[in-house]
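Scope of the values below: all heavy atoms of this structure, side chains included, with no hydrogens, waters or symmetry mates.
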Amino acid sequence: MCSQTRAAALMANIPRADIDPSGVFKYVLIRVHSREEGDDSEVDIVRGYAWAEYHADIYDKVSEELEKDGHLDCECIGGGRIKHDAQDKKIHVYGYSMGFGRANHAVSTEKLEAQYPGYEVTWSNEGY
């Protein structure tokens with residue numbers, strides 16, 4: 001018998017990083033939790049898109065999608081900016097969000113390295 005909860009199964013299928021293919025844009029680090037009783041599983045995900053005027057725009061869209069079936073709950077644990085140079089295979093994570101504070105860029109970098117093997121992924125707390 002499988003003891004995995006519906007929420008844990010859903011979290012297993014969430015991409016850990018999803019960012020625009022190139023450019024400089026805002027990003028957020030989101031912690032996704034289970035809402036199911038007795039299930040304390042969670043996962044951190046990175047989302048970054050150039051269409052977002054504010055960090056909250058990304059968080060609102062992503063959390064709405066993930067929370068729609070009632071199994072998952074989202075919390076924004078910070079933000080910053082990403083410079084994605086696909087041609088040179090480089091990603092640089094930096095800065096902070098005025099509304100959510102600075103994300104733990106080391107965690108964000110780890111998620112991006114797994115999603116973009118062969119890339120040079122760096123981070124800095126400098127800049128906005």
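- Side chain of Arg102 to main chain of Gly80: no donor-acceptor pair is present (N/O by atom type, distance under 3.5 Å, no hydrogens or angles).
- The line from CG of Leu29 to CD1 of Ile77 is 4.0 Å long, rounded to the nearest 0.5 Å.
- Two different hydrophobic clusters hold Ile82 and Tyr96 under the rule that ILVMFWY side chains link at heavy-atom gaps under 4.5 Å.
- The side-chain hydrogen bond (donor to acceptor under 3.5 Å, both in side chains) analysis of residues 107-117, with sequence neighbours excluded, yields the pairs Tyr27-Ser108.
- To the nearest 0.5 Å, the span separating CG on Asp57 from NZ on Lys26 amounts to 8.5 Å.
- Side-chain N or O atoms of Glu36 include one that pairs as donor or acceptor with a backbone N or O of Ala7 at under 3.5 Å.
- Distance alone, capped at 3.5 Å, is enough to place a donor-acceptor pair between the His84 side chain and the Pro21 backbone.
- Judged as a salt bridge (Lys or Arg N to Asp or Glu O under 4.0 Å), and not counting sequence neighbours, the contacts of Glu65 are Lys68.
- Qualifying side-chain contact (heavy atoms from CB on, under 4.5 Å) partners for Ala50, counting only residues two or more places apart in sequence or in other chains: Asp20, Phe25.
- The side chain to side chain donor-acceptor pair (under 3.5 Å) search around Glu120 returns none, not counting sequence neighbours.
- By the ring pair (Phe, Tyr, Trp, His ring centres under 6.0 Å) test, His55 is found to be paired with no residue, residues two or more places apart in sequence or in another chain being considered.
- Residues forming a salt bridge (Lys or Arg N to Asp or Glu O under 4.0 Å) with Asp44 (at least two apart in sequence, or on another chain): Arg31.
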- Going through the distances and angles, do Thr122 and Val93 end up as a side chain to side chain contact (heavy atoms under 4.5 Å, CB included)? CA-CA 6 Å; Thr122 58; Val93 181; over 6 Å; no

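- With values rounded to the nearest 0.5 angstrom, Arg35 atom CZ is found 8.5 Å from Cys74 atom SG.
- Here the closest heavy-atom approach between residue Ser63 and residue Asp60 is recorded as OG-O, 3.4 Å.
- Remark: Asp69 pairs with no residue by the salt bridge (Lys or Arg N to Asp or Glu O under 4.0 Å) rule, at least two apart or across chains.
- In this structure, Tyr49 shares a hydrophobic cluster with Leu10, Met11, Ile14, Val28, Ile30, Val32, Val43, Ile45, Trp51, Ile58, Tyr59, Val62, Leu66, Leu72, Phe100, the cluster being traced through Ile, Leu, Val, Met, Phe, Trp and Tyr side chains under 4.5 angstrom apart.
- Membership of an apolar cluster is not assigned to Tyr54, as no side-chain contact below 4.5 Å to another ILVMFWY residue is traced.
- Applying the side chain to side chain donor-acceptor pair (under 3.5 Å) test to Ser41 and every residue at least two apart in sequence or in another chain returns Asp39.
- Proximity of His71 to Arg6: side-chain heavy atoms (C-beta onward) are separated by under 4.5 Å at one or more points.
- Lys83 is linked by a side-chain contact (heavy atoms from CB on, under 4.5 Å) to Val24, His92, Tyr94, counting only residues two or more places apart in sequence or in another chain.
- The shortest distance between side-chain heavy atoms of Ile19 and Val46 falls below 4.5 Å.
- Qualifying side-chain contact (heavy atoms from CB on, under 4.5 Å) partners for Asp88, counting only residues two or more places apart in sequence or in other chains: Asp85, Lys90.
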